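Just below is one structure, and these are the notes that go with it.
The chains referred to below are lettered A, B, ... by the order of the sequence lines, with proteins before strands, and numbering in each begins at 1. Worth knowing before you read on, the calculation uses all heavy atoms, side chains too, and leaves out hydrogens, waters and symmetry mates. The structure presented is a predicted model; accordingly, all values stated were derived computationally and were not measured.
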Protein chains: 2
Amino acid sequence: MVSRSPQRREELLATAGEVFAAQGYDATTVRKIADAAGMLAGSLYYHFDSKESMLDEILSTFLNELWARYDAVLAAGLGPRETLEALVTESFREIDQHRDAVAIYQRESKHLADHPRFGYLAESQRKFEKAWLGTLERGVAAGTFRADLDVRLTYRFVRDTVWVAASWYRPGGHHSPEEIAHQYLSMVLEGIAVRPQ
Amino acid sequence: MVSRSPQRREELLATAGEVFAAQGYDATTVRKIADAAGMLAGSLYYHFDSKESMLDEILSTFLNELWARYDAVLAAGLGPRETLEALVTESFREIDQHRDAVAIYQRESKHLADHPRFGYLAESQRKFEKAWLGTLERGVAAGTFRADLDVRLTYRFVRDTVWVAASWYRPGGHHSPEEIAHQYLSMVLEGIAVRPQ
DNA sequence: TAACCTACCAAACACTTGTTAGGGAAGGAG
DNA sequence: CTCCTTCCCTAACAAGTGTTTGGTAGGTTA
């Protein structure tokens, strides 16, 4: 298989991503993708080996980019609270720029992680846990975060809170990703109740 | 179509629910359900009209039960904070008892809401929004909840944080639904940061 | 002009899908 | 024993699935 114009691939992956995100991977037929791209089903196979490899390419490029951002944050040597804030902000930026990929990841990653081809999903999940959980534990040790909460529960709470936003977030809406991140962080860190003076 | 033993129906719906929750509705074939139930695919059609009607029955009975609980809470005349606490607690009880149905609802409701047969999903979503959003607005007006947050953002925040728990919650684990609800409420209301004295 | 490459189409392939029709074993009722 | 009901099996169906093969229009290169 030869060059096959990277730009065209990206275009097709973008439309495939839209359909995957809207209908779900299993409910999406290659004919629907081809329709959305204005071509016939068989023609997709000039650019890709299989439907699965489209999904693979969408998810892996997304995760590669995400981890480039996360690793930069984690290597910056910030305090626990600043690390959490930076991770959340980067997550919302990622949702802003790759909403489809995030939605697909949210929906499919769980049962795909069994599949050998998508082993990197499980690995990414472990790195995820290490990064977030580690930050939270550092914060508890430093007296920044509350010690009376179950840390693993808090981890899932923070993690899910951020990523489910991809299910309703629309790029170009009223709020920028930074604004949403700021409000989310305010809720997660300070709570939604009015504090007694 | 005659009586067809309600107990057997419930058994089959339970196993169908397990498979739907684990693999997703579209990825689940009627043959997989039949395998899990120890019978052949065609035999399922003695009890149900179609694969879709199984999904329908699972989701509608779940929502009926959920709204019976919610309506009881909303009719109790509690204050906004107490209402929120009760709604969250009832939600975790529901997750505890109907985890599969909740997981299926989470995953499929969005694109099913278009389908006429599942119109009650969209209606339920509106009632959902009215209940949660109304409670939050009451709380802001009463000075219970912070006024500096976008209420719709807060609504989605609270709603999502509760329901995504269904994706990792396992009944019979370390925490009872009430304990989890208590910790979640503590995080949502007071935040995870240590408060300056 | 001739050869070649890119990007697609046309048509089929083997297989899986949800669903149906007819049959039969088991057991209770008369 | 006979009849009937319940519950499942056997075997097939048409439609839809991902994928392959061979062809071809149009541009680029020689």
Return the nearest nucleotide to the side chain of A/M39; candidates are C/dC9, D/dC8, C/dA7.
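Of the candidates, C/dC9 comes closest.
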Give a yes or no on whether a salt bridge exists between A/R146 and B/E190, defined as a side-chain N under 4.0 angstrom from a carboxylate O.
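Salt bridge between A/R146 and B/E190, a charged N being under 4.0 Å from a carboxylate O: no.
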Residues 125-134 of chain B, side-chain donor-acceptor partners within the protein, below 3.5 Å, at least two apart:
unit_1, atom_1, unit_2, atom_2, d
B/E129, OE2, B/R152, NH1, 2.8
B/E129, OE2, B/R152, NH2, 3.2

Per the end-axis method with five pairs at each terminus, what is the bend angle of the helix from C/dT1-D/dA30 to C/dA12-D/dT19, to 10°?
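Roughly 10°, once rounded to the nearest ten degrees.
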Roughly how many Å is it from [atom1] in [X] to [atom2] in [N], rounded to a whole number?
X: B/Q7; N: D/dT6; atom1: CD; atom2: C1'; answer: 13 Å
X: A/L55; N: D/dG18; atom1: CG; atom2: C1'; answer: 14 Å
X: B/L40; N: D/dC8; atom1: CG; atom2: P; answer: 11 Å
X: A/F48; N: D/dT20; atom1: CZ; atom2: P; answer: 15 Å

Check: [Y] and [X] side chains under 4.5 Å, non-hydrogen atoms:
X: A/L12; Y: A/F48; answer: yes
X: A/R117; Y: A/S53; answer: yes
X: A/L189; Y: A/E85; answer: yes

Which residues satisfy the ring-ring contact (aromatic ring centres under 6.0 Å, His included) test with A/Y184, sequence neighbours excluded?
A/F92, B/F157
Would you say B/Y46 reaches D/dC7's phosphate, i.e. side-chain N/O to OP1/OP2 under 4.0 Å?
yes
For a quick test of reading the model: is some side-chain N or O of A/H47 closer than 4.0 Å to OP1 or OP2 of C/dT6?
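False: A/H47 side-chain N/O out of range (4.0 Å or more) of C/dT6 OP1/OP2.
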Protein proximity profile, nucleotides 13-20 of chain C - base contact B, sugar-phosphate-only contact S, no contact -, cut-off 4.0 Å on heavy atoms
----BBBB
Residues in side chain to side chain donor-acceptor pair (under 3.5 Å) contact with A/K32, at least two apart in sequence or another chain
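For A/K32 the side chain to side chain donor-acceptor pair (under 3.5 Å) partners, ignoring immediate neighbours, are A/Q23.
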With sequence neighbours left out, what residues match B/H182 under side chain to side chain donor-acceptor pair (under 3.5 Å)?
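So B/H182 forms no side chain to side chain donor-acceptor pair (under 3.5 Å) with any residue.
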